[in-house]
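Here it is, the structure, as structure tokens.
Hydrogens, waters and symmetry mates are skipped; everything else that's a heavy atom, side chains included, is used. These figures come from a predicted structure and were not determined experimentally. One-based numbering along the sequence shown. One-based numbering, in listed order, for ligands and for the atoms of each.
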Amino acid sequence: TKPKEPELPLFFGWFLLPEEEERIKCATMDFLKTLDTLEAFKEHISEFTGEAEKEVDLEQYFQNPLHLHCTTKFCDYGKAEGAKEYAELQVVKESLAKSDELSVTALIVTPRIFGARVTLTETQMKLWPEGEDKEGVAPALLPSVEALPMGSRAHVTLGCSAGVEAVQTGLDLLEILALQKEGKEGTQVEMDLGTLSYLSEGRWFLTLREPITADTTFSSFSD
Ligand code: 2AM
């Protein structure tokens, strides 16, 4: 009989250490609390509520994911394209269970998701699968996404609105980055944490003055 193939996980990624998770959740929740009190945000409130004048409590609006992490490769237990090849990469095997520090450089809020943009180092880029940025991207957005630097999709999902899957965070992030590149930024508001910009249709992007770093472990995850 043939030896059984090792099973592939749901995904690989960098997982925040528990104490780091708490710190990041607190810092980012403070931002949400401030955002929904801003006049600039209230002007576009209907993009979140469906009607003007209605208030929204963003802290309640987004559901927290279980473990904060930055996905490198979604394997779907082997059903995703390139999953096996990724799991067999020497750099992946060598990195498992190793510590690493992630750098969060921006926060994004849309009617669907709340997320943190991660800027990868050159070393971390070696764990970023080629072609992963454009996985599941709408054909109309593909040319703009292909023009972005590799790893642009790297992020930590901090919350999803009801009925939305976490995969949406990367897609919304790419859309925002594409709009920024085209110079489509609207209102800008200075906040303690950095500069907040509005990019139409309920999309908000906060460029952090100082990156937020977080200690992580590279690992695989299966439900
Ligand atoms: P996320 O990386 O934006 O949080 C399990 O579902 C994890 O894999 C989640 O963290 C999720 O999104 C990510 N994920 C789910 N489906 C995906 C897909 N098709 N492509 C990339 N990542 C996906």
Inset, instruction - State whether the shortest distance between N or O atoms of H69 and N or O atoms of ligand 1 falls below 3.5 angstrom. - result: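 Looking only at distances, the answer is yes, because the N/O contact criterion of under 3.5 Å is met.
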Legend entry - Worked check of ring-ring contact (aromatic ring centres under 6.0 Å, His included) between F15 and H69: CA-CA 4 Å; F15 288 78; H69 65 271; 5.3 Å; yes
Legend entry - Closest protein heavy atom (residue, atom, distance) for atom 22 (N) of ligand 1: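 Heavy-atom neighbour on the protein nearest atom 22 (N) of ligand 1: F74 CB, 3.4 Å.
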Inset, instruction - Within a distance under 4.0 Å of any heavy atom of T71, pick out the atoms of ligand 1 and give their elements. - result: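 By the 4.0 Å cutoff, the relevant atoms are 1 (P), 2 (O), 8 (O), 10 (O), 13 (C).
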Legend entry - Within-shell test, E165 vs ligand 1, heavy atom, strictly < 4.0 Å: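 Per 4.0 Å heavy-atom rule, E165 does not contact ligand 1.
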Legend entry - Mode of H155 contact toward ligand 1 - side chain, backbone, both, neither (heavy atoms, under 4.0 Å):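 Side chain only.
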Legend entry - No-hydrogen, no-angle side-chain donor-acceptor test under 3.5 Å, T195 and E190: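 Yes, because at least one side-chain N or O of T195 sits under 3.5 Å from a partner of the opposite role on E190.
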Legend entry - Side-chain donor-acceptor contact under 3.5 Å, S152 with D133: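 Checked: S152/D133 side chains show no N/O donor-acceptor pair below 3.5 Å.
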Legend entry - N/O separation below 3.5 Å, G170 to ligand 1: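 Not met; the criterion fails.
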Legend entry - Enumerated ligand 1 atoms positioned under 4.0 Å from heavy atoms of F11: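 The list of qualifying atoms is 5 (C), 7 (C), 8 (O).
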Inset, instruction - Would you tell me whether H44 and S46 have side-chain atoms, one donor and one acceptor, within less than 3.5 Å of each other? - result: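 The criterion, which ignores hydrogens and geometry beyond distance, is not satisfied for S46 and H44.
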Inset, instruction - Could you check atom 11 (C) of ligand 1 against the protein and tell me its nearest heavy-atom contact, residue, atom and distance included? - result: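 Protein heavy atom with the smallest distance to atom 11 (C) of ligand 1: A166 CB, 3.8 Å.
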For residues 114-123, which side-chain N or O atoms pair as donor and acceptor with protein atoms under 3.5 Å away, sequence neighbours left out?
unit_1 : atom_1 : unit_2 : atom_2 : d
T119   : OG1    : T105   : OG1    : 2.8
T121   : OG1    : Q124   : N      : 3.1
T121   : OG1    : Q124   : OE1    : 3.4

Inset, instruction - Pick, from D76, L173, T157, V167, the option with the minimum heavy-atom distance to atom 18 (C) of ligand 1. - result: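 When every heavy atom of D76, L173, T157, V167 is considered, V167 comes closest to atom 18 (C) of ligand 1.
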Legend entry - Ring centroid separation F221 to F11 under 6.0 Å: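 Here the rings of F11 and F221 have centres that are less than 6.0 Å from each other.
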Legend entry - Pair E85 + K73: basic N to acidic O under 4.0 Å: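 Not counted as a salt bridge, because no side-chain N and carboxylate O are separated by less than 4.0 Å.
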